[in-house]
2 protein chains.
Amino acid sequence: MTERWVYGFDDLAAAEAAAGGGWEGVRALLGGKGAGLADMTRAGVPVPPGFTVTTAACNAYLAAGGALPAGAWEQILAALAGVEAATGKRFGDPADPLLVSCRSGAKFSMPGMMDTVLNIGLNDATAAGMTALTGDERFVYDAYRRLVQMFGAVVLGVADEPFEHAIAARKAAAGVKDDADLAAADWRALTDAFKAIVAGATGRPFPTDPLEQLRLATEAVFRSWNGKRAVDYRNAAGIRHDLGTAVNIQTMVFGNMGAGSGTGVAFTRNPADGTPELYGDYLMNAQGEDVVAGIRNTQPIAALAAEMPAVFEAFRTTVARLERHYRDMQDVEFTIERGRLWMLQTRNGKRTARAAVRIAVDMVGEGLIDRAEAVRRVTPDHVDFFLHPQFVAAARSQAVAAGRRLASGINASPGAAVGVAAFDADTAEAWGKAGRDVVMVRPETKPDDVHGMLASKAILTSRGGATSHAAVVARQFGVPAVCGAEAIEIDLDARLLRAGGAVVREGDTLSVDGTTGEVFAGAIETEVPDLSDRDLSTLLGWADGFRRLGVWANADYPDDAERARSFGAEGIGLCRTEHMFFEADRLPVVREMILADDTAAREAALARLLPIQREDFHGILSAMRGLPVIIRLIDPPLHEFLPDHTELVAEVARLEATGSDPDALADRRRLLAAVDGLREANPMLGLRGVRLGVLFPEIIRMQVRAILEAAVDLARRGVDVRPEIMIPLSSHVNELKRMRVLVDETSAAVFAERGASVGFKFGTMIEIPRAALTAAALAEVCEFFSFGTNDLTQTTYGISRDDAEARFLLHYVEHGVLPANPFQTLDVDGVGQLIRLAVDRGRAARPGLEVGICGEHGGDPDSIAFCHAVGLDYVSCSPFRVPVARLAAAHAALAAAEPVTA
Amino acid sequence: MTERWVYGFDDLAAAEAAAGGGWEGVRALLGGKGAGLADMTRAGVPVPPGFTVTTAACNAYLAAGGALPAGAWEQILAALAGVEAATGKRFGDPADPLLVSCRSGAKFSMPGMMDTVLNIGLNDATAAGMTALTGDERFVYDAYRRLVQMFGAVVLGVADEPFEHAIAARKAAAGVKDDADLAAADWRALTDAFKAIVAGATGRPFPTDPLEQLRLATEAVFRSWNGKRAVDYRNAAGIRHDLGTAVNIQTMVFGNMGAGSGTGVAFTRNPADGTPELYGDYLMNAQGEDVVAGIRNTQPIAALAAEMPAVFEAFRTTVARLERHYRDMQDVEFTIERGRLWMLQTRNGKRTARAAVRIAVDMVGEGLIDRAEAVRRVTPDHVDFFLHPQFVAAARSQAVAAGRRLASGINASPGAAVGVAAFDADTAEAWGKAGRDVVMVRPETKPDDVHGMLASKAILTSRGGATSHAAVVARQFGVPAVCGAEAIEIDLDARLLRAGGAVVREGDTLSVDGTTGEVFAGAIETEVPDLSDRDLSTLLGWADGFRRLGVWANADYPDDAERARSFGAEGIGLCRTEHMFFEADRLPVVREMILADDTAAREAALARLLPIQREDFHGILSAMRGLPVIIRLIDPPLHEFLPDHTELVAEVARLEATGSDPDALADRRRLLAAVDGLREANPMLGLRGVRLGVLFPEIIRMQVRAILEAAVDLARRGVDVRPEIMIPLSSHVNELKRMRVLVDETSAAVFAERGASVGFKFGTMIEIPRAALTAAALAEVCEFFSFGTNDLTQTTYGISRDDAEARFLLHYVEHGVLPANPFQTLDVDGVGQLIRLAVDRGRAARPGLEVGICGEHGGDPDSIAFCHAVGLDYVSCSPFRVPVARLAAAHAALAAAEPVTA
């Protein structure tokens with residue numbers, strides 16, 4: 001009995017039986033494309049009829065040195081007869097010819113690697129018949145010359161250049177520039193010319209027998225499996241060489257066959273907002289290119305209901321069937337040929353964030369997908385969209401068209417905003433307080449600019465990267481920011497910026513899009529998506545059900561904490577106490593504390609800070625009642641709280657040179673000496689964090705006292721407080737032992753004074769490689785670890801975040817020296833090793849050790865997947881990343897639970 | 001048969017038989033002290049006779065609830081009779097009484113933890129007899145009252161205070177301040193008072209029967225095994241509680257028994273220079289305290305030969321025997337009692353570095369010890385001594401007495417020197433070139449001070465620690481240095497320093513001792529030990545035979561390299577190329593290169609640097625012919641080559657304020673803008689090392705070209721050159737891959753141009769944690785690793801060396817937060833983990849990978865032991881540490897080969 005080499009698209013059951021085992025076997029036998037066409041056909045989708053010559057036939061053909069196996073041709077002819085019956089056309093019939101395409105289709109997609117021949121079946125006779133049917137001679141001879149050209153190239157190995165030269169010569173002769181301007185006569189002449197090229201190159205005339213065309217094309221596709229391109233591709237992609245390719249022979253259909261014909265594209269749901277309605281356009285008596293080209297006005301898909309009710313009904317039913325079959329919103333191409341609907345292509349449709357969420361939620365309601373699948377289908381970027389205002393698309397396009405785009409920088413913090421330019425923090429704050437929308441513009445920002453940044457609607461800098469101070473603060477507080485917009489030249493003295501030819505003065509309006517990095521002159525209308533969107537809430541609720549990682553937030557202020565909580569944060573992973581020191585009413589006291597000559601003076605200043613800090617902690621612990629709050633004790637080098645060194649040097653030099661004000665000079669000199677005394681070559685690695693605590697234990701005592709006094713006061717009023725005290729920058733267990741003693745002594749004193757106590761945890765940041773390496777020892781003293789991956793990346797990589805991005809890190813990423821910016825996506829190979837090691841050793845030393853991450857990576861989806869994999873208890877990120885992190889954590893859990901398929 | 005509980009010091013054989021197995025068993029039975037006394041006795045040393053009551057007796061006593069085991073007391077009495085026979089005295093004999101001591105002695109030394117009673121046998125009658133014999137009533141009653149006091153405290157549990165109060169009252173009554181001023185009558189009266197105190201406290205009179213004294217004392221010593229102090233000590237030291245203590249009962253001998261008696265101390269060899277001769281003093285008719293106190297003039301030991309020839313001969317023979325027995329130079333105490341020599345104590349004698357080396361070498365010649373032992377006995381500090389001038393001890397003492405010591409700082413670089421103070425590098429260089437000895441004095445130093453430092457005999461700074469720039473450079477070049485002498489106030493404007501009340505002006509003479517950290521006004525005579533000392537050469541040659549680690553040197557200049565080679569360096573582990581950039585004739589070109597606006601301008605400057613660098617490498621490769629030379633490509637941040645930022649800011653502000661010189665202002669502003677552009681918040685973690693190479697490949701090409709052109713030129717002249725090209729600061733393998741391409745392209749070009757080639761290696765520093773963590777990947781690209789443990793410590797610990805020492809690291813070490821300064825002694829727990837991991841992973845990826853260390857730890861003996869343990873191929877250190885490292889490497893190998901004993 002002859003083996004079966006050919007399966008019609010409508011005979012999937014037989015292919016399944018032949019393949020023996022499951023869908024994989026079918027794909028191996030029919031190739032991916034052939035299996036898909038058969039699958040759609042079985043689902044009741046009107047796919048143009050056709051059949052597949054199997055991969056086994058290909059292998060037999062190649063093994064035999066280029067001979068179709070016994071019976072194959074006969075089976076092809078039989079299948080072709082079936083197609084003729086299904087279409088009512090005949091192959092080679094001059095009156096109403098069947099045309100077919102011949103395409104490769106291997107088990108694994110190898111896009112562009114193998115060959116295709118279209119319009120098989122055309123010759124002078126059938127071309128004349130087609131012309132009569134379509135009334136479009138130009139179309140027919142364009143199709144015909146394409147057949148000759150593709151056949152020549154693919155089947156006969158004729159070089160492409162002579163064909164292109166012929167077209168060029170024809171255009172020159174006709175005095176036109178574009179192919180589109182050639183007339184029917186030109187294409188007919190070119191068809192003849194092409195046939196002459198083929199004959200000339202091969203010594204044989206172009207085959208006019210449709211069956212000969214089909215047979216030669218089929219064999220050529222088989223041979224293309226071993227073409228150089230295909231072999232190279234398989235080597236690179238790791239695909240076996242013995243799989244072979246199938247050949248799909250499919251009816252060509254045409255939408256330009258007169259009044260009953262047409263073509264269109266459509267989405268099964270609205271891709272802009274997800275509304276469950278058909279959405280698309282069609283054009284009668286036209287080809288697909290005509291719809292896309294926009295030369296003629298298309299009709300909305302709904303109009304088809306009136307124009308061709310039966311076809312519309314078939315279309316409606318078919319796409320509903322496709323959605324059910326693929327369990328996702330589909331983007332389809334269809335053709336109506338003389339009243340008959342054919343589906344040419346279907347694929348999952350692209351959609352906006354809003355649509356993605358709605359479709360996912362709706363499809364769960366419709367029973368098409370389960371909740372896990374819905375969660376999987378929404379991306380972190382989709383969720384992020386809901387958190388920030390956006391420019392109205394049309395308004396932005398108008399601004400671009402009007403030449404108002406000034407520059408593009410780094411999209412440092414997402415969201416769009418409009419406001420007047422302010423060139424320093426004090427101006428920004430004053431205008432902001434006066435109710436004006438402000439865009440703060442600086443070459444770069446520093447910690448003492450924060451009050452102005454907080455009062456602004458957007459931040460724009462000309463220097464610094466995605467992890468510059470401006471970028472980090474902006475993301476932290478959800479303020480849109482564009483950083484490092486190098487095309488902008490800021491003149492602080494003249495209070496203006498220049499970009500290209502434009503000048504924007506202080507007070508002029510700017511529009512800034514932190515999502516795209518664009519900066520515009522003038523105002524652009526914005527719109528605000530709604531985070532409380534019912535569908536998004538539903539989806540994030542489902543995500544919460546899948547994730548194992550907790551999602552906490554980094555928040556320094558009560559309203560920050562409340563926002564985080566409203567976004568779903570389950571705790572505060574990092575409350576930085578030093579931001580509290582920078583506020584205007586406190587900074588003088590903080591400076592007094594720093595510049596104190598002795599412990600007594602320092603303690604006096606600290607005593608004045610104590611009630612202020614207690615109030616701060618009272619607020620945040622109260623906002624987070626019932627949830628843990630990790631409070632980090634003082635971290636930054638003290639000089640950050642003092643005036644800028646360079647400015648002081650210049651001031652002293654000026655006062656010295658002029659000799660005008662001896663009192664001011666003496667005062668500035670004293671201050672400069674103090675600042676000089678605290679200056680460090682590398683402050684990042686200097687006297688900060690726990691090192692401050694070892695040298696000045698009185699600071700730690702004050703802070704711990706403030707935390708625990710606030711906690712006890714709240715607890716006595718029945719508030720469930722869960723403070724956790726975190727020591728930054730530890731590198732040796734002895735530092736922590738000292739801090740533990742201070743904390744225990746202070747807590748005992750506070751509890752005795754207040755006559756009441758609260759539970760609290762003691763722990764450390766892990767942000768120095770040595771801390772990670774000695775995690776077992778640290779865990780003996782600590783109840784929790786929190787990975788400060790910003791600093792841990794700096795020290796593990798030996799890269800200063802403040803310096804690196806502008807200087808070399810962006811160059812590194814652009815030029816492929818590094819795969820990604822390690823401050824955005826966690827460096828799993830390096831930093832990740834230390835994290836894994838610290839988690840394992842820490843938990844071995846103290847089972848139940850609480851372990852989380854509070855670096856900016858805590859809000860990065862890729863990094864969150866790693867955090868899940870190494871078994872952290874939670875990730876902590878800026879409040880505005882909390883919804884994103886909830887989704888990403890669910891993705892990580894779902895991916896880990898999924899069996900991996902090759 | 002009754003068990004044997006007592007062994008005479010002269011009956012070691014019996015104790016050995018009873019103990020069954022070896023010396024350990026004897027020590028367990030007799031305790032360490034008893035075993036030692038028996039051992040010395042057997043060796044023929046005249047030890048005052050006595051016996052040991054065994055630890056077994058102690059255990060039996062304690063087990064019985066405080067009863068001596070059967071037969072023990074009888075055996076003690078029998079042994080006592082033996083002692084009476086040996087000494088010719090009788091216990092309790094009023095005419096010539098035998099006195100004994102009763103001391104604890106457990107298997108393991110527990111210093112001060114258990115009890116001792118001296119002068120047992122004294123009572124009113126024997127005291128009178130002793131007085132007649134010695135003619136020294138004061139001595140006798142002082143001894144008697146001591147017996148009463150010790151017995152009261154140890155045996156009867158009487159508190160110490162009443163005794164002290166009685167002495168105080170007596171001194172008040174006599175109107176004297178010191179015990180030494182009390183007369184015989186006072187001590188006699190105090191003896192009576194003490195007896196009354198004992199009687200009053202215990203309700204029983206002080207026992208006058210010598211045998212009762214002995215029995216009670218023996219039992220009290222047994223009981224002290226379970227005293228609180230002893231139990232706590234054993235818990236802390238991990239000593240078992242069931243060992244028990246022995247009791248040693250030994251004859252007391254006295255050197256103040258008249259004309260034929262005396263006492264002395266002596267070394268068996270000269271402890272100052274090691275000459276094999278007796279060295280010491282004695283005093284006739286005196287006690288040991290008298291010799292030490294220096295109240296009477298002592299005689300040199302040689303005088304004893306004339307005064308008591310037989311005793312001297314016995315002494316000579318005895319100490320020779322002791323040296324042979326202990327195989328080391330001995331420091332002995334002896335007493336002559338009425339013509340009879342007794343050795344009271346012997347121990348290994350302390351000695352100078354010079355003596356240590358000579359004695360070790362001599363003893364090998366004498367067959368006393370083997371070479372390994374000789375190498376073990378010389379310490380790294382001993383070797384270091386030979387490398388630096390020292391103050392003549394007497395001259396220093398005079399200077400101290402004269403109040404000329406100005407301050408003490410950190411002993412940053414060893415050696416003593418005298419010179420005139422110069423307050424800046426240019427002055428130091430000018431004066432140095434003019435032939436003056438200069439001490440360069442600065443608050444702190446910077447890279448552009450190096451020319452002045454090199455021209456100086458010593459360096460003195462008022463700021464910075466043991467790893468400050470000044471300290472590191474000083475050690476590198478063997479210039480003595482005292483750093484961070486905070487008591488010194490430097491006034492650069494007035495060109496003077498103040499310390500206490502003294503003022504030293506520029507040009508005044510200073511004496512600086514970098515070994516001790518002392519600074520003196522005026523000159524102090526110095527002496528220079530001789531590194532080529534024959535004995536030292538011999539010893540270091542032996543050390544070379546034992547070590548497995550190679551010893552290489554860090555050297556940047558040919559004469560540096562030659563010195564290292566003469567000290568025994570087997571290669572250059574670190575040749576820093578940037579020092580070459582700082583020299584006056586090159587710096588302008590380097591600045592031109594840095595400030596170049598484009599690649600072409602940079603290449604033009606580099607082209608001018610090429611021949612200069614080629615010349616540098618020519619010199620060093622030539623000096624190290626036949627040995628490897630690791631050349632590190634450019635490392636420091638570029639701003640280090642530019643003028644100081646703060647100074648420029650002040651200058652610009654001054655010029656702005658005065659408006660006097662618009663041209664200068666414009667020029668300075670341009671320069672400031674350039675410096676500003678290169679400024680970094682944390683230059684240590686900034687744009688330096690390989691990052692420069694990635695951004696400016698033309699610099700790498702120039703340096704590689706210079707190295708290989710020099711190497712090829714030498715090779716063509718028959719010189720065996722072995723260059724190794726080292727990339728600094730790598731953190732990702734991709735950086736190294738890029739550098740490898742540059743190096744390979746450049747080498748191919750050079751070899752083609754020159755028509756000849758040389759072999760070379762390509763490798764990287766490991767000085768960033770990530771490099772260590774990803775060592776397997778790096779080793780795929782590298783032929784060698786060199787651990788830059790200075791930077792690796794900085795990054796692993798998150799500590800900036802430039803800032804940390806003065807700010808907090810010294811505080812940390814002083815207060816026990818850290819066990820040691822991790823920049824001096826390698827942090828094995830943290831940094832060591834990364835080194836071990838990198839070595840293991842690197843070698844696994846590339847067997848035969850060459851691995852060494854070039855941080856300053858390469859010259860630190862403790863760190864060298866670690867380097868040996870992790871299997872490095874070599875350590876590289878400053879030339880002046882090479883001899884020390886050779887010895888330390890031998891020690892590490894010998895220690896690793898030794899069986900460990902508990």
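Below, chain A is the first sequence line, B the second, and so on; all start at residue 1.
- For chain A, the option among B/Val831, B/Ile799, B/Asn734, B/Val649 with the highest count of heavy-atom pairs below 4.5 Å is B/Ile799.
- With a 4.5 angstrom heavy-atom cutoff, B/Glu680 touches chain A via backbone and side-chain atoms both.
- Of the two parts of B/Leu678, only the backbone, made up of N, CA, C and O, holds a non-hydrogen atom closer than 4.5 Å to a non-hydrogen atom of chain A.
- A/Thr795 places none of its side-chain heavy atoms less than 4.5 Å from the side chain of A/Glu767.
- With chain A as partner, the option from B/Pro683, B/Ala777, B/Gly686, B/Ala771 having the largest number of non-hydrogen pairs under 4.5 angstrom is B/Pro683.
- Chain A forms the most heavy-atom pairs under 4.5 Å with one residue out of B/Thr646, B/Leu692, B/Leu655, and that residue is B/Thr646.
- The candidate from A/Ala653, A/Gly798, A/Ala657 with the greatest count of non-hydrogen atom pairs under 4.5 Å with chain B is A/Gly798.
- Take B/Phe696 and apply the ring pair (Phe, Tyr, Trp, His ring centres under 6.0 Å) test, not counting sequence neighbours, and it matches no residue.
- Atom CG of B/Leu633 and atom CD1 of B/Ile727 lie 4.5 Å apart (nearest 0.5 Å).
- Contacts of B/His645 with chain A are made by side-chain atoms alone, with heavy-atom separations under 4.5 Å and no backbone atom involved.
- Residues A/Arg688 and A/Asp791 have side chains in contact (heavy-atom distance under 4.5 Å, counting atoms from C-beta outward).
- For A/Asp598, the CG atom counts as densely surrounded, since its 6.0 Å shell holds more than 12 non-hydrogen atoms of other residues, nucleotides or ligands.
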From CA spacing to verdict: salt bridge (charged side-chain N to carboxylate O under 4.0 Å, His left out), A/Glu486, A/Arg463: CA-CA 7 Å; A/Glu486 295 183 354; A/Arg463 289 208 290 268; over 6 Å; no

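- Annotation: side chain of A/Phe641 is in contact with side chain of A/Pro636 (closest heavy-atom distance under 4.5 Å).
- Only the side chain of B/Asp827 has a heavy atom closer than 4.5 Å to any heavy atom of chain A.
- Judged purely by atom type and a 3.5 angstrom limit, B/Ser786 has no side-chain atom pairing as donor or acceptor with the backbone of B/Met765.
- When the candidates A/Ile768, A/Thr796, A/Thr658 are compared by the number of heavy-atom contacts under 4.5 Å with chain B, A/Thr796 comes out ahead.
- B/Arg654 touches chain A through backbone and side chain together, each having a heavy atom under 4.5 Å away.
- In this structure, chain A has heavy atoms under 4.5 Å from both the backbone and the side chain of B/Arg679.
- Looking only at side-chain heavy atoms (C-beta outward), B/Thr774 and B/Ser731 stay at 4.5 Å or farther from each other.
- Salt-bridge check for A/Glu640 with A/Lys446: failed, with every basic side-chain N at 4.0 Å or more from each acidic carboxylate O.
- Looking at A/Glu735, both its backbone and its side chain come within 4.5 Å of chain B, counting heavy atoms on both sides.
- Of the listed residues A/His732, A/Arg691, A/His815, A/Gln833, the one with more heavy-atom pairs under 4.5 angstrom with chain B than any other is A/Arg691.
- Of the listed residues (B/Ala772, B/Pro769, B/Ser660, B/Ala650), the greatest number of heavy-atom pairs within a distance under 4.5 Å of chain A belongs to B/Pro769.
- Across A/Ala681, A/Gly816, A/Gly689, the residue that shares the most heavy-atom pairs under 4.5 angstrom with chain B is A/Ala681.
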